[in-house]
Amino acid sequence: MRIAMIGTGYVGLVSGACFSEFGVHVTCVDKDAGKIERLKSGEIPIYEPGLDDLVARNVAAGRLSFTMDLKEAMQGVDAVFIAVGTPSRRGDGHADLSYVYGAAEEIAQHLDHYTVVVTKSTVPVGTGREVEAIIRRVRPEAEFDVASNPEFLREGSAIGDFMRPDRVVIGATSERAGEVMRRLYRPLYLIETPIVITSLETAELTKYAANTFLAAKITFINEIADLCEKVGANVHDVARGIGLDGRIGKKFLHPGPGYGGSCFPKDTLALVRTAQQFGSPLRIIETVVDINDKRKKQMAERIIAACGGTVDGKTVAVLGVAFKPNTDDMRDSPSLDIIPALQAAGAHVRAFDPAAMHEAEKLLPGVEWAKNAYGTLEGADCVAILTEWNEFRALDLRRVKSMLKRPVMIDLRNIYNPDDMAKAGFTYTSIGRPSPAGGMDRG
């Protein structure tokens, strides 16, 4: 089989590389000449573990290629995927579909045989029908079907998510289109992956419903963590106690500074706007969005409180600025709220992230960037952990303590044990857990 993948961002590049690993011939298309040249030379423009090897292997095998020429890419394909960005539209929070609709118009110009046009981008309900209408308007005689195939890739583990998914969701407008999509995903039949074939509208809504449910779950446990601090309970034990219930599950019950990244913030907001547009408001998700926005801003207050109520003239060491580990994605990262708030309060921020600093430098002016975790610590008044990279989990606490002016750690990801930190002589602040003395470890 042959496919074209329009867009070499996170979704397009990962999906294209993984399809090629299935034995499909994939041509990835992008208008960014610099990005295409980098890909052709073997340089991967995003950070995703294992992606460089996957791309190199399939390029060498002749199954994966990159071009700016959509007409060339569409020659003889069974399907063309639209995997372009759908950022939040300024002003109203709706998904900006201009790139999707632009791709549909270009696809229409080059259709010369039956092709399935697949929306891989996260798009609101009704987008697939509009893509179909655009193509019909440009090329009334064209032979094609439109399908929706939402992605469920977690940054940092996207290859595994694609190769061993919980499910594949396909919204198809005809049996013929459904059969093409089944053939593309046939390798997953061997591991009995559920393939859910449904309507365009159902597939589009399923993606948003999944992401907003997970965002709500994160927000729920964050609020429970705050309550734990008031009553002296341990949020991790609460999470385990409810997570063992099969109806709830243990995933996404880890308290932190709030969700971020490329999906949850824009998808929750887009679904809220869609629901309002159709006169069926989602009050729960509206509240989730509001709580999460406020939570990220409140995290700076925790750090300031742990530093004695002021950071004016003090140096704060920050470990991790990406929204999660194993990615360089800075989109809606809590650090983008926390660090500017600390700077506004008079702090000098010295930070390190294993992958995201090249992106963070553009977004966080005035930050001093260190070469490693220990490089942030010398003479700092406290250290704050914002991202749970594995290398931060095993710091030499004696060395950390010796480098700080005061042994103060604010652990917004709860990667250390309060008892261990007390024994090591730290004033330790985490989220929703009792201190060894029985009070809250709030510094």
Side-chain angles (χ1 to χ4, degrees), residues 1-87 96-112 115 117-122 151 153 155-156 158-159 162-163 261-262 322 326-331 353-363 369:
M1 298 187 74
R2 290 184 175 273
I3 66 170
M5 184 72 64
I6 302 177
T8 58
Y10 190 86
V11 172
L13 185 55
V14 171
S15 299
C18 288
F19 272 128
S20 67
E21 184 75 359
F22 285 170
V24 177
H25 288 266
V26 181
T27 304
C28 291
V29 186
D30 204 291
K31 291 185 174 181
D32 187 330
K35 184 182 287 188
I36 291 297
E37 288 305 313
R38 289 168 64 190
L39 287 164
K40 285 183 175 180
S41 65
E43 184 181 350
I44 306 300
I46 60 174
Y47 182 89
E48 178 64 31
L51 185 58
D52 51 352
D53 291 337
L54 185 68
V55 168
R57 181 166 64 250
N58 286 284
V59 167
R63 292 188 297 265
L64 179 63
S65 60
F66 306 96
T67 185
M68 294 179 64
D69 189 338
L70 179 58
K71 181 178 180 180
E72 172 192 328
M74 286 181 59
Q75 292 179 1
V77 297
D78 298 281
V80 54
F81 283 73
I82 300 174
V84 297
T86 55
D96 182 351
L97 300 175
S98 58
Y99 301 112
V100 173
Y101 295 154
E105 289 194 14
E106 292 189 44
I107 288 169
Q109 295 168 13
H110 304 302
L111 283 171
D112 60 5
T115 306
V117 180
V118 188
T119 54
K120 193 71 172 170
S121 304
T122 299
E151 53 84 17
L153 307 178
E155 294 187 48
I159 294 172
F162 194 101
M163 299 295 190
S262 63
N326 296 322
T327 182
D328 60 355
D329 200 336
M330 287 293 297
R331 284 173 287 186
D353 189 283
M357 289 194 295
H358 64 291
E359 290 295 326
E361 287 175 346
K362 308 168 191 174
L363 303 170
W369 298 99

- Message: If you apply the rule side chain to side chain contact (heavy atoms under 4.5 Å, CB included), what do you find for C18 with L54, and how did you get there?
- Response: CA-CA 8 Å; C18 288; L54 185 68; 3.9 Å; yes

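- Atom CZ of R2 sits in a sparse spot, with 12 or fewer heavy atoms from other residues, nucleotides or ligands closer than 6.0 Å.
- Residues that satisfy the side-chain hydrogen bond (donor to acceptor under 3.5 Å, both in side chains) test with T67, not counting sequence neighbours, are absent from this structure.
- Atoms OH and CG, on Y47 and N326 in that order, are 5.5 Å from each other to the nearest 0.5 Å.
- Here the rule is side-chain contact (heavy atoms from CB on, under 4.5 Å) with Y99, and of V84, I6, I82 only V84 fits it.
- Without hydrogens or angle criteria, D30 side chain to T8 main chain gives a donor-acceptor distance under 3.5 Å.
- The two residues I3 and V77 have their closest heavy-atom pair at C-CG1, 3.9 Å.
- Judged purely by atom type and a 3.5 angstrom limit, D353 uses its side chain to pair as donor or acceptor with the backbone of A322.
- Of all heavy-atom pairs spanning R63 and G23, the tightest one is CD-CA, 3.7 Å.
- For the side-chain hydrogen bond (donor to acceptor under 3.5 Å, both in side chains) test, no residue two or more places apart in sequence or in another chain qualifies with T122.
- The structure places SG of C28 at 11.0 Å from CZ of F81, a figure rounded to the nearest 0.5 Å.
- Once rounded to the nearest 0.5 Å, the distance linking NE2 of H110 with CE of M74 reads 7.0 Å.
- The aromatic rings of F162 and F22 sit tilted relative to each other, their planes meeting at an angle between 30° and 60°.
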- Item | Working for side chain to side chain contact (heavy atoms under 4.5 Å, CB included), residues T86 and L97 | CA-CA 6 Å; T86 55; L97 300 175; 4.1 Å; yes

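- G62 approaches H25 most closely through the heavy-atom pair O-ND1, 3.5 Å.
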- Message: For a side chain to side chain contact (heavy atoms under 4.5 Å, CB included) check, start with the C-alpha distance between L13 and I44, then their side-chain angles and the critical distance, and finish with the verdict.
- Response: CA-CA 9 Å; L13 185 55; I44 306 300; 4.1 Å; yes

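- Annotation for T27 and A73: closest pair CG2-CB, 3.6 Å, computed over non-hydrogen atoms.
- Side-chain contact between S121 and V11 is absent, with no heavy-atom pair separated by less than 4.5 Å.
- Closest approach of M68 and K31 over heavy atoms only: CE-O, 3.3 Å.
- Of the possible polar contacts, one joining the E48 side chain to the A158 backbone as a donor-acceptor pair under 3.5 Å is found.
- A distance-only check finds no donor-acceptor pair linking the side chain of S15 to the backbone of G12 [under 3.5 Å].
- The structure places CG of L70 at 8.5 Å from CD of Q109, a figure rounded to the nearest 0.5 Å.
- The two atoms that bring M5 and G16 nearest to each other are CE-N, 3.8 Å, heavy atoms only.
- Atom OH of Y10 and atom OG1 of T327 lie 6.0 Å apart (nearest 0.5 Å).
- How far CG of L363 is from CE of M330: 5.5 Å, rounded to the nearest 0.5 Å.
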